[in-house]
Amino acid sequence: MIDEVRSWLLARNDGVTDIGLDEDLIDSRLIDSLGFPEFLLFLEELAGRELDLGQESVVAFRTLRGIRDRVLAGAGR
Amino acid sequence: MTATDSIAETLDHLVADATDHHYSPYTRFDWVDELADEQWWMSPDLLSVAGTALGERLGTERLMALSKWECVNFFSLNIHGIRELLMEVTRRIHTPGFEVPSEFFHRFLGEENGHMWFFAQFCLRYAGKIYPDRTLRIGDDSQDPQVASFLVFARILIFEEIVDHFNIRMGRDETLHPLMVDINRAHHDDEWRHIVMGRKLVEHLYRPLVERGDAELLDRLDTYLRRYMTGSIQSLYNPAAYRDAGLADPYGLRNEVLADPARVARHEAFLKRITRFLLSSKIITRPPFATEQPREST
Ligand SMILES: [Fe+2]
Ligand SMILES: [Fe+2]
């Protein structure tokens with residue numbers, strides 16, 4: 001499932017060929033504030049649940065590892 | 001801000017008009033006890049599915065249910081947009097550079113506080129909730145104060161222009177419940193002043209940035225604002241509203257209607273006024289959806 005997240009990001013960032021599990025998605029500008037809402041909806045679709053920004057730690061969204069282990073964990077697919 | 005006389009004069013008029021039309025939001029509306037589900041909560045042509053193949057498939061009853069939740073989404077977006085604008089304008093009022101508009105900012109802040117109250121009142125009374133804010137301000141606000149201020153007021157203006165398109169339509173739609181008409185009309189009656197000020201301010205704050213002669217900067221601002229406009233339109237398509245309206249596969253549905261060619265003309269209509277303004281003041285170089293959805297000649 002995390003591969004789908006990686007592909008989604010690669011498709012939206014010309015010239016980027018790979019994204020490490022621990023790469024900071026925000027510092028590296030793979031995601032910025034304008035792109036975030038669409039990214040969040042994409043993750044919700046994958047996770048199969050609504051993600052609450054107040055409760056989910058924003059830190060969890062910063063790396064693919066955080067997304068895999070904390071945001072998508074338990075999502076059956 | 002070294003304000004030109006023209007800005008000071010406009011602001012004087014706006015302050016006088018705001019004083020003449022001052023009202024208490026807390027006593028302004030007749031809050032009915034209940035609003036029936038079976039009615040249009042939003043003009044049907046403003047719904048996110050309007051004109052689409054999917055919209056055709058849904059019956060009137062479903063569309064009415066969707067109109068309730070899209071109305072709540074629209075008001076929720078207003079609430080969150082107002083939060084940002086209150087914070088940003090408060091940060092600048094009575095600080096160096098904002099001496100001239102500060103008097104108007106008092107009216108603006110007071111009015112926006114009222115708007116946030118009546119939008120929230122509506123959502124909580126009749127839907128029992130406000131949809132959460134899905135935006136995240138992460139590190140793209142410029143460290144350069146001139147750039148940051150320009151972007152703040154440009155974002156506010158874009159947001160207010162889109163909202164006003166909806167308010168004007170619904171403020172005249174007599175098929176809607178009188179309360180819905182009244183809220184949209186009351187909001188429009190205040191917002192035109194904010195928009196007049198916003199245009200003056202945005203042009204004024206843009207000028208010194210042009211004078212820097214930094215093409216890369218202007219290009220970045222152009223791209224940013226076009227993306228902001230696109231993002232604002234996308235926020236009108238909320239899967240949570242589809243779900244609350246009882247529609248299956250809300251995410252798939254969102255992707256489907258967003259991609260429906262019938263929506264292109266609607267998006268252009270929502271953005272028509274602000275696009276024209278930003279193009280004519282040379283702040284953007286092309287319409288926001290130009291690259292994503294190139295139009296074929298018909
Ligand atoms: Fe407002
Ligand atoms: Fe406003």
Side-chain angles (χ1 to χ4, degrees), chain A residues 1-16 19 22-67 70-72 74-77, chain B residues 48 73 76-77 80-81 83-84 88 129-142 148 151-152 154-155 158-159 220-244 248-259 288 291-292:
Chain A
M1 208 181 275
I2 200 65
D3 289 337
E4 290 178 61
V5 180
R6 190 181 275 117
S7 307
W8 192 94
L9 289 166
L10 290 174
R12 282 158 185 79
N13 286 279
D14 286 348
V16 181
I19 306 167
D22 293 305
E23 192 165 343
D24 190 302
L25 302 176
I26 293 166
D27 288 349
S28 60
R29 302 208 141 257
L30 290 160
I31 282 289
D32 62 7
S33 71
L34 293 181
F36 188 77
E38 289 298 306
F39 187 52
L40 186 63
L41 289 177
F42 169 71
L43 292 178
E44 285 190 348
E45 194 174 359
L46 278 184
R49 67 187 170 99
E50 203 166 305
L51 302 171
D52 178 352
L53 279 184
Q55 279 163 29
E56 320 274 342
S57 162
V58 171
V59 178
F61 291 95
R62 290 191 86 110
T63 61
L64 289 177
R65 189 185 301 280
I67 290 166
R70 296 167 69 181
V71 179
L72 299 179
R77 223 176 88 166
Chain B
S48 68
N73 182 53
S76 298
L77 291 171
H80 303 310
R83 178 183 306 102
E84 192 207 347
E88 298 295 353
K129 71 167 166 192
I130 295 167
Y131 286 122
D133 188 10
R134 316 308 311 266
T135 60
L136 189 64
R137 291 259 152 258
I138 35 174
D140 69 349
D141 264 343
S142 180
L151 287 179
V152 160
R155 281 201 301 263
I158 291 167
F159 168 72
R220 199 149 42 82
L221 299 176
D222 176 9
T223 306
Y224 176 92
L225 292 176
R226 284 184 288 108
R227 288 184 64 212
Y228 182 79
M229 292 160 87
T230 312
S232 302
I233 294 299
Q234 286 167 338
S235 67
L236 296 165
Y237 299 75
N238 188 348
Y242 301 137
R243 182 204 57 212
D244 289 340
D249 184 20
Y251 296 92
L253 190 155
R254 178 178 192 269
N255 296 334
E256 183 189 332
V257 288
L258 256 177
T291 45
E292 293 87 46

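Because the structure is a prediction, the values reported are computed rather than measured. Note on naming: letters A, B, ... go to the chains in the order of the sequence lines (proteins, then strands), and numbering restarts at 1 for each one.
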Quick one: pull up [atom1] in [X] and [atom2] in [Y] and give me the separation to the nearest 0.5 Å.
X        : Y        : atom1 : atom2 : result
A:Asp32  : B:Leu136 : CG    : CG    : 10.5 Å
B:Tyr224 : A:Ser33  : OH    : OG    : 5.0 Å
A:Glu38  : B:Leu258 : CD    : CG    : 6.5 Å

Counting only heavy atoms closer than 4.5 Å, note whether A:Leu40 contacts chain B via side chain, backbone, both or neither.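 For A:Leu40, side-chain heavy atoms alone lie under 4.5 Å from chain B.
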In plain terms, say whether A:Glu50 and B:Arg243 are close enough for a salt bridge, that is, a side-chain N and a carboxylate O under 4.0 Å apart.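 Salt bridge between A:Glu50 and B:Arg243, a charged N being under 4.0 Å from a carboxylate O: yes.
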Taking 4.0 angstrom as the limit, do B:Arg134 and A:Glu44 come out as a salt bridge?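 Looking at B:Arg134 and A:Glu44, the cut-off is met.
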Part of B:Asn238 within contact of chain A (heavy atom distance under 4.5 Å):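 Neither the backbone nor the side chain of B:Asn238 comes within 4.5 Å of chain A.
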Given side chains that start at C-beta, do those of B:Gln234 and A:Leu41 come closer than 4.5 Å, heavy atoms only?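 Not touching, per the 4.5 Å side-chain cut-off.
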